[in-house]
Amino acid sequence: MNKLKVEEGFVQRNQRRAEMLHQLVDGIDDGLFIVSPELKVIFVNRGAMRFFQPVSEPVGRTLLECVRDHRIVELVATAAEKGTRMKEEFLVAMSGQSKTIEDRVYSVEVLSLRATMPTEMMVHF
């Protein structure tokens, strides 16, 4: 009986920690995607949704469907293949046409979440 209470307390503390971490990550202004080795979106925070045109239900979609920029996806794929941290800046046209004042430069950083491969990748904007 006592062991059961200890386990329940442990589970509750871990759930609270996970909820706090989720709120923290979701509340930052920076964009953050967590993608699987197959480049499918596992998690996306609200900050990332401001960087790109909103995609309904991004979790489970490919990263390309969400960011709509092959260069960013290629950077993530290369970082995943090499198992290294990579960072690059991209000029992203907001209008979809020619370069305008609305264009933005995105600094994109990609890193592995584990030492073993294949692994989930974090994509930070």
Query - Interatomic spacing from CD in E120 to CD in E38 - rounded to 0.5 Å - result: 9.0 Å
Query raised in the report: Do V73 and V67 have side-chain heavy atoms sitting under 4.5 Å apart?
Result: yes
Report task. Answer yes or no: is there a donor N or O on one side and an acceptor on the other, between the side chain of D30 and the main chain of G47, under 3.5 Å? Result -> no
Query raised in the report: Heavy atoms, side chains only, cut-off 4.5 Å: are F90 and L75 in contact?
Result: yes
**Report entry** For T62, side chain to side chain donor-acceptor pair (under 3.5 Å) partners two or more places apart
**Finding:** E65
Query raised in the report: Going by heavy atoms in the side chains, are S56 and R61 under 4.5 Å from each other?
Result: yes
Query - Distance (rounded to the nearest 0.5 Å) between I28 CD1 and N45 CG - result: 5.5 Å
Query - From CE (M121) to CE (M86), nearest 0.5 Å - result: 9.0 Å
Query raised in the report: For L39 and A77, which heavy atoms make the closest approach, and how far apart are they?
Result: CD1-CB, 4.0 Å
Query raised in the report: Hey, is CZ on R85 packed in by over 12 heavy atoms from elsewhere, all under 6.0 Å?
Result: no
**Report entry** Spacing of L111 atom CG and M122 atom CE [to the nearest 0.5 Å]
**Finding:** 4.0 Å
Report summary line: The reported gap from CG in L32 to CD in E109 (rounded to nearest 0.5 angstrom) is 10.5 Å
Query - Approximate separation, where rounding is to 0.5 Å, of L91 CG and D69 CG - result: 9.5 Å
Query raised in the report: How close do S107 and K87 get, heavy atom to heavy atom, and via which atoms?
Result: OG-CE, 3.2 Å
